[in-house]
> 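Sharing a structure below in structure tokens format, with a few things to ask.
Numbering of residues begins at 1 and proceeds along the displayed sequence. What you see below is based on every heavy atom in this structure, not just the backbone, and it leaves out hydrogens, waters and symmetry mates. As the structure is a computational prediction, the values presented were derived from the model and not from experiment.
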Amino acid sequence: MNILSLFPAVPLLMMLGLWVSRNTRQIHAVMVAGSSVLLALAISLVFIYLGQRAEGQAAPMLLTDSILWYRPLNIRYSVGVDGISVAMLLLSAIIVFTGTFASWKLTDKTKEFFMWFCLLSTGVFGFFISVDLFTMFMFYEVALIPMYLLIGVWGTGRKEYSAMKLTLMLMGGSALILIGILGIYFGSGATTMEITEIARMDNIPLHMQRVWFPIIFIGFGVLGALFPFHTWSPDGHASAPTAVSMLHAGVLMKLGGYGCFRIAMYLLPDAAQELSWIFIILTAISVVYGAFSACVQTDLKYINAYSSVSHCGLVLFAILMMNSTAATGAVLQMLSHGLMTALFFALIGMIYGRTHTRDIRELSGLMRIMPFLSVCYVIAGLANLGLPGLSGFVAEMTIFNGAFMDNDVFHRVVTVIACTSIVITAVYILRLIGKILYGTCTNPEHLKLTDATWDERLAVIVLIVCIAGLGLSPLWMSDMIHESVLPLISHILN
């Protein structure tokens, strides 16, 4: 079996193992074993991919495999990876692994929760390895469907409302994506749905591209929190259980940016160049609006959710700049934000599990009570505001450097506007850290609370190591990504 096919296969095997598990201990054993295998596979894939590139293999996609499974439309189970896909698979494996330990104390319908969690993971992994449009869309749907139950059953607050709102908006985006995919297939006159083959033909008329590009970009942009289609995101994040928030914000939202780049812009390059200014304005609004909205929130999850709107807006903003530096920064931002937001949501879940509140007006002096979790929260905050040496700095500086390369006034003005988000982010992060971690604890009941347990420490340490690793040694990852971004950008511009 192709190593890539193991990524969606392992979560399916985990579901089978969970189904036959009889107690919590067996459920945990299945999840730890399965998530460890996925992480090992992702790390191995990085070395295999880099080894093949070092040997001189220059094909756009490596480790490819293709099996025909629907002849009338020539739909194939086609898989392959480039540097962008490998980075996303590694991110997904890290989040699944740490999310397992972040959910260690879940007691309500544990087996069912982890089965839906594994199904969500199957869709995510399958999406990133697919090079066939319809197969990619199928895995995209598999990733979205479990979200309704994971939030509606195991969530908190207005969970039914949030789950329904999320599902309706993302399914609306899915409908646009399906329409766009069929438009690309029939408009190109292709005999296959493979992305690389359609891109090679490059014969979709401009008048058709003008129709399909905004449809597909908005369809994927809904998941990427594109303004004004972002409103599902804060509610969904706030109501989701910890591990689901981690996977949702850390990985699932990255499907939006990945799809906009790999499908909308790569397959419809002429329309991308002609209409990009519209979406650049929308993404710049997302970046600044998300940061300002985070400033006025009082719920820890809502603060992080609006922060995610801002940071995911940066991903789409960078992609639309259509140069290799900004696009490399976009993928680095997907990695960095995935790790940072997963760490934030894990820590928020751990703090909420002890204090039973996420209202920052009711929290203070936590550094004295739970020093480990507090220090980790400070690190997450510093990464979020772009402190040098952590992943956020590398990603954001690459994006803004690439975005400012364009000499025309419009691109430089919107870049300066987007740059203001750095200052706004510093304001709400530092104010938040000062409010909840320092000072005197005003609630006597909080003085009785305990610090992190071993499973919680393992989850957050893994994420912090990855954030620091990417920040201190980014070149190997950025080089791998840049090498794969170049042919995509060249095709879009030519």
> So, T341 and S308: side-chain donor and acceptor under 3.5 Å apart, yes or no?
yes

> Looking at CG of L170 and OG of S233, how far apart are the two atoms once the value is rounded to the nearest 0.5 Å?
9.0 Å

> Answer yes when D235 and K165 have at least one side-chain N-carboxylate O distance shorter than 4.0 Å, and no when they do not.
yes

> With sequence neighbours left out, which residue pairs that include part of residues 12-29 fulfil the salt bridge (charged side-chain N to carboxylate O under 4.0 Å, His left out) condition?
none

> Less than 3.5 Å apart, any donor N or O on the side chain of H337 or N384 sitting next to an acceptor on the other?
no

> According to salt bridge (Lys or Arg N to Asp or Glu O under 4.0 Å), who are the partners of D82, at least two apart in sequence or on a separate chain?
R262

> Using the test ring-ring contact (aromatic ring centres under 6.0 Å, His included), find all partners of H248 that sit at least two apart in sequence or belong to another chain.
W232, H237

> My understanding is that only residues two or more places apart in sequence, or in another chain, count here; which of them pass salt bridge (Lys or Arg N to Asp or Glu O under 4.0 Å) with K111?
none

> With side chain to side chain contact (heavy atoms under 4.5 Å, CB included) as the test, pick out the partner of Q209 among I184, L267, D270.
D270

> Roughly how far, to the nearest 0.5 Å, is the CE atom of M480 from the OG1 atom of T328?
11.0 Å

> Please identify each residue that fulfils ring-ring contact (aromatic ring centres under 6.0 Å, His included) with H28, with sequence neighbours left out.
W104

> Does S336 use its side chain to pair, donor to acceptor, with the backbone of L332 at less than 3.5 Å?
no

> From Q26 CD over to T110 OG1, what is the distance, rounded to the nearest 0.5 angstrom?
13.0 Å

> Under the 3.5 angstrom rule, does the side chain of Q57 hit a backbone N or O of Q52 as a donor-acceptor pair?
no

> I need the single residue from V124, I129, V331 that forms a side chain to side chain contact (heavy atoms under 4.5 Å, CB included) with M88. Which is it?
V331

> CE of M321 to CD1 of I399: how many Å apart, nearest 0.5 Å?
10.0 Å

> Taking the side chain as every heavy atom from C-beta outward, state whether Y185 and F134 have any atom pair closer than 4.5 Å.
no

> Once salt bridge (Lys or Arg N to Asp or Glu O under 4.0 Å) is applied, do any residues pair with D65, and if so which ones, sequence neighbours excluded?
none

> For L90, which of L41, V46, L335, I95 qualifies under side chain to side chain contact (heavy atoms under 4.5 Å, CB included)?
V46

> Side-chain contact test, heavy atoms from C-beta onward, threshold under 4.5 Å: evaluate it for M31 versus C118 and give yes or no.
yes

> For F128 and F139: C-alpha separation, side-chain torsions, deciding distance, then whether ring-ring contact (aromatic ring centres under 6.0 Å, His included) applies.
CA-CA 9 Å; F128 286 131; F139 279 116; over 10 Å; no

> Are any side-chain N or O atoms of S286 and backbone N or O atoms of F227, one a donor and one an acceptor, separated by less than 3.5 Å?
yes

> Nearest 0.5 Å, please: how far is OG in S391 from CD in Q333?
8.5 Å

> Got F125 and L38 here, is their nearest side-chain heavy-atom distance under 4.5 Å?
yes

> S5 and Y77: side-chain donor and acceptor closer than 3.5 Å?
yes

> Is it the case that the side chains of S85 and Y258 hold a donor-acceptor pair, with the cut-off being a distance below 3.5 Å and no angle test?
yes

> Please list all pairs passing the side chain to side chain donor-acceptor pair (under 3.5 Å) test where one or both residues lie in residues 472-486, with sequence neighbours left out.
Y49-S484, S324-H482

> With side chain to side chain contact (heavy atoms under 4.5 Å, CB included) as the test, would you mind laying out the steps for I195 and L133 before giving the verdict?
CA-CA 6 Å; I195 294 173; L133 286 174; 3.8 Å; yes

> If I take atom OG1 from residue T415 and atom CZ from residue F410, how far apart are they, to the nearest 0.5 angstrom?
9.0 Å

> As a test of understanding, state which of I319, L488, I489 forms a side chain to side chain contact (heavy atoms under 4.5 Å, CB included) with M265.
I319

> So which pairs with a foot in residues 169-182 pass side chain to side chain donor-acceptor pair (under 3.5 Å), sequence neighbours left out?
E141-S174

> Less than 6.0 angstrom separating the ring centers of F261 and Y266, yes or no?
no

> Go through the structure and list residues passing ring-ring contact (aromatic ring centres under 6.0 Å, His included) with F213, not counting sequence neighbours.
F217, F279

> For T100, check side-chain hydrogen bond (donor to acceptor under 3.5 Å, both in side chains) against everything at least two apart and list the hits.
none

> Taking salt bridge (Lys or Arg N to Asp or Glu O under 4.0 Å) as the definition, give me every residue that meets it alongside E274, ordered by chain and number, with sequence neighbours left out.
R210

> Answer whether the closest heavy-atom distance between the side chains of I216 and L176 falls below 4.5 Å.
no

> Only counting residues at least two apart or in another chain, list the ones meeting ring-ring contact (aromatic ring centres under 6.0 Å, His included) with F344.
Y377

> Side-chain donor-acceptor pair under 3.5 Å between T192 and E197, yes or no?
no

> Using modelled atom types only, decide if a donor and an acceptor are shared between the side chain of S35 and the backbone of V32 within a distance under 3.5 Å.
yes

> For residues F404 and H411, establish whether the separation of their ring centroids is below 6.0 Å.
no

